[in-house]
Amino acid sequence: MSDTEKPNAKNVIEVRGLVTHYGTRQILNGVDVDINEGEIMVIMGGSGSGKSTFLRHLMALQRPTSGVIKILGQDVWKLPQKKLFELRKKLGVTFQGGALFSSMTVGENIMLPLYEHTKLDRLTMQIMARMKLEVVDLAGFEDLMPSELSGGMVKRAAEARAVIMDPRILFFDEPSAGLDPVVSSQLDDLILRLRDAMGMTICVVTHELESAFKIADRITVLDKGSILFTGTVEELRNHPSDRIQNLLNRRSEEAEIDADEYLRRLTGDKEEAEGMPR
Amino acid sequence: MVEGSHQNLAARFFEKVGRICVSALEEMGRHGVMIGESFHWLFLGPGMNQPVRLGAVFTEMMEIGVRAIGIIGIMAAAIGAMLAIQGIYSLKIFGAEGHVVVGVAFSMVREFAPLITGILVAGRSGSALSARLGTMKINQELDALEVMGINPVRFLVVPSLLASLVMVPVLTFMSMVLGLYAAALYVNTALGMSMAAFFDQTIDVLSVDDLIHGLSKAAIFGVLFALIGVLNGFLVKGGAEGVGKATTRSVVQCISAIVVTDMLFALVATL
């Protein structure tokens with residue numbers, strides 16, 4: 001864990017002893033993370049490290065096997081349904097593929113949270129939606145359907161929708177995935193702008209090193225369901241661990257081979273090879 | 001050795017039967033939970049600032065009901081005429097063609113109108129519901145709704161359920177009228193019976209109970225197809241292939257459920 005955490009910084013997200021399984025396969029093995037108010041925390045890790053599952057837990061989309069997730073001081077799985085809905089209004093999420101509703105225009109997508117949670121008149125909602133579209137450089141695109149936008153535009157529109165309720169915490173799932181370096185860099189700038197202009201706490205899940213180093217205040221590295229490191233970018237760069245240096249320098253590692261496990265996999269003895277995906 | 005392999009085979013057979021039974025029970029449980037959740041959101045949603053939007057219900061009514069009027073009308077008319085043709089052909093053997101109205105009226109109102117409407121709506125909208133929700137699931141749109149504080153059951157399922165609960169009986173009533181009208185036209189041509197006489201006899205033969213029988217069945221079919229469509233959509237796994245499978249499964253299940261329920265309903269109602 002990092003020793004640079006500000007002692008007085010207020011935790012907006014507190015995760016303790018998070019354990020989760022898919023069937024018999026353990027995905028997270030007792031993860032502890034604190035995310036402070038106003039910071040950009042980047043969760044990194046290779047494929048299968050459990051970072052997307054971790055994000056789903058933070059968004060209260062998936063109940064863990066055990067552990068506590070506190071968001072804005074409230075234990076999300078102990079909250080009554082009504083309070084959980086109230087809490088969710090303070091969260092914004094941009095999914096990997098944007099997750100814009102394909103049956104609605106960009107403007108309708110952005111206005112949906114306002115329509116559902118406020119009693120504002122339509123004109124005010126339209127003005128607010130246009131303001132957010134200005135922030136993400138998509139002014140004038142409100143009448144287009146999501147299918148008429150490029151990949152980068154879809155992500156920016158999704159960001160506009162995520163911030164329409166002025167949330168306190170913003171989650172990004174792989175913001176750079178599938179985008180060219182220029183568009184990816186623009187999205188990073190946008191994330192920094194959102195943090196600076198709106199004072200949001202931002203949690204980004206990514207495996208793009210360049211993007212992570214550019215935007216992160218702190219980085220948490222997940223590896224095989226456990227936390228390998230939490231700290232600043234500088235601390236990460238200077239970390240002595242081989243595993244971290246391999247990750248930073250994009251060196252592949254030889255997986256340790258368990259001879260018995262290998263044999264069981266080859267012979268297809270499913271009952272013996274417990275935990276293997278079927 | 002052979003005995004051992006027989007035992008193995010038997011064990012596998014019973015294991016398979018067990019799995020099928022458990023999965024069928026699971027499916028029924030899911031339907032029950034979905035109905036419970038839908039009632040929950042319909043009645044308690046407003047108290048949690050999660051009301052079911054009337055606009056969404058009307059949009060679904062338009063999609064499930066109004067846009068299906070053309071095809072259901074044509075099918076109902078064809079079935080009505082077919083019943084009249086077959087009825088006259090069979091009754092001619094006994095020289096009782098004049099009684100064709102009785103057969104057509106009962107069959108159309110109690111059986112064919114709800115059945116053909118249910119099957120057509122299931123094929124048209126049940127599959128569409130599964131495809132829409134399945135695609136939303138794999139595109140993470142359902143997750144997006146959830147994290148926005150919008151319950152997907154309240155936002156997507158309840159409007160479809162309410163719309164089908166209203167529109168399937170309405171469409172069934174339309175099928176009854178159109179089917180009888182087409183039958184009347186054929187009887188008029190074939191037997192020279194006037195339309196007024198046909199409808200006079202129809203009204204004499206039919207009771208309010210017959211009408212209620214047909215419309216109640218239609219309401220049950222409406223709920224069934226919406227539930228099956230929605231559940232198959234929510235349970236989609238994998239990508240486009242998963243959506244395709246869910247859509248096919250949804251249509252097959254909807255039609256099977258409608259036909260079996262129809263038979264059970266007829267059995268219970270005529271005891």
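The figures that follow rest on heavy atoms only: side chains count, while hydrogens, waters and symmetry mates do not. All chains are named by letter (A, B, ...) in the order of the sequence lines, taking the proteins before the strands, and each is independently numbered beginning at 1.
Atom CZ of residue B/Arg154 and atom CZ of residue A/Phe85 lie 7.5 Å apart, to the nearest 0.5 angstrom. Put simply, CZ on B/Arg53 and OH on A/Tyr115 are 5.0 Å apart, with the number rounded to the nearest 0.5 Å. A distance of 11.0 Å separates OG1 in A/Thr94 from CD in B/Gln140, rounded to the nearest 0.5 Å. Rounding to the nearest 0.5 Å gives a distance of 4.5 Å between CD of B/Glu141 and OG of A/Ser102.
No other option in A/Asp173, A/Leu87, A/Leu112 has as many heavy-atom pairs under 4.5 Å with chain B as A/Leu112. Annotation: maximal heavy-atom pairing with chain B below 4.5 Å, among A/Glu86, A/Gln96, A/Met59, A/Gln81, occurs at A/Gln81.
The neighbour count for B/Phe39 CZ, taken as heavy atoms of other residues, nucleotides or ligands under 6.0 Å away, does not exceed 12. Heavy-atom neighbours of A/Met198 CE from other residues, nucleotides or ligands within 6.0 Å: above the threshold of 12. Atom NZ of B/Lys245 has 12 or fewer neighbouring heavy atoms from other residues, nucleotides or ligands inside a 6.0 Å radius.
Using a 4.5 Å cut-off between heavy atoms, A/Leu100 touches chain B through its backbone atoms (N, CA, C, O) alone. Contacts of B/Met148 with chain A are made by both backbone and side-chain atoms, with heavy-atom separations under 4.5 Å. When heavy atoms are compared at a cutoff of 4.5 Å, B/Asp143 approaches chain A by way of both its backbone and its side chain. At a 4.5 Å heavy-atom cutoff, B/Leu142 makes no contact with chain A through either its backbone or its side chain.
The residues B/Glu146 and A/Arg56 are annotated as not salt-bridged, no charged nitrogen and carboxylate oxygen being separated by less than 4.0 angstrom.
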inquiry  = Does A/Leu91 form a side-chain contact (heavy atoms from CB on, under 4.5 Å) with B/Val147? I'd like the steps, not just the answer.
reply    = CA-CA 7 Å; A/Leu91 311 179; B/Val147 290; 6.0 Å; no
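Ring pair A/Phe101/B/Phe155 is tilted by interplanar angle, where 30° to 60° counts as tilted.
When atom types are taken as modelled, the side chain of A/His117 and the backbone of B/Ile150 share no donor-acceptor pair closer than 3.5 angstrom.
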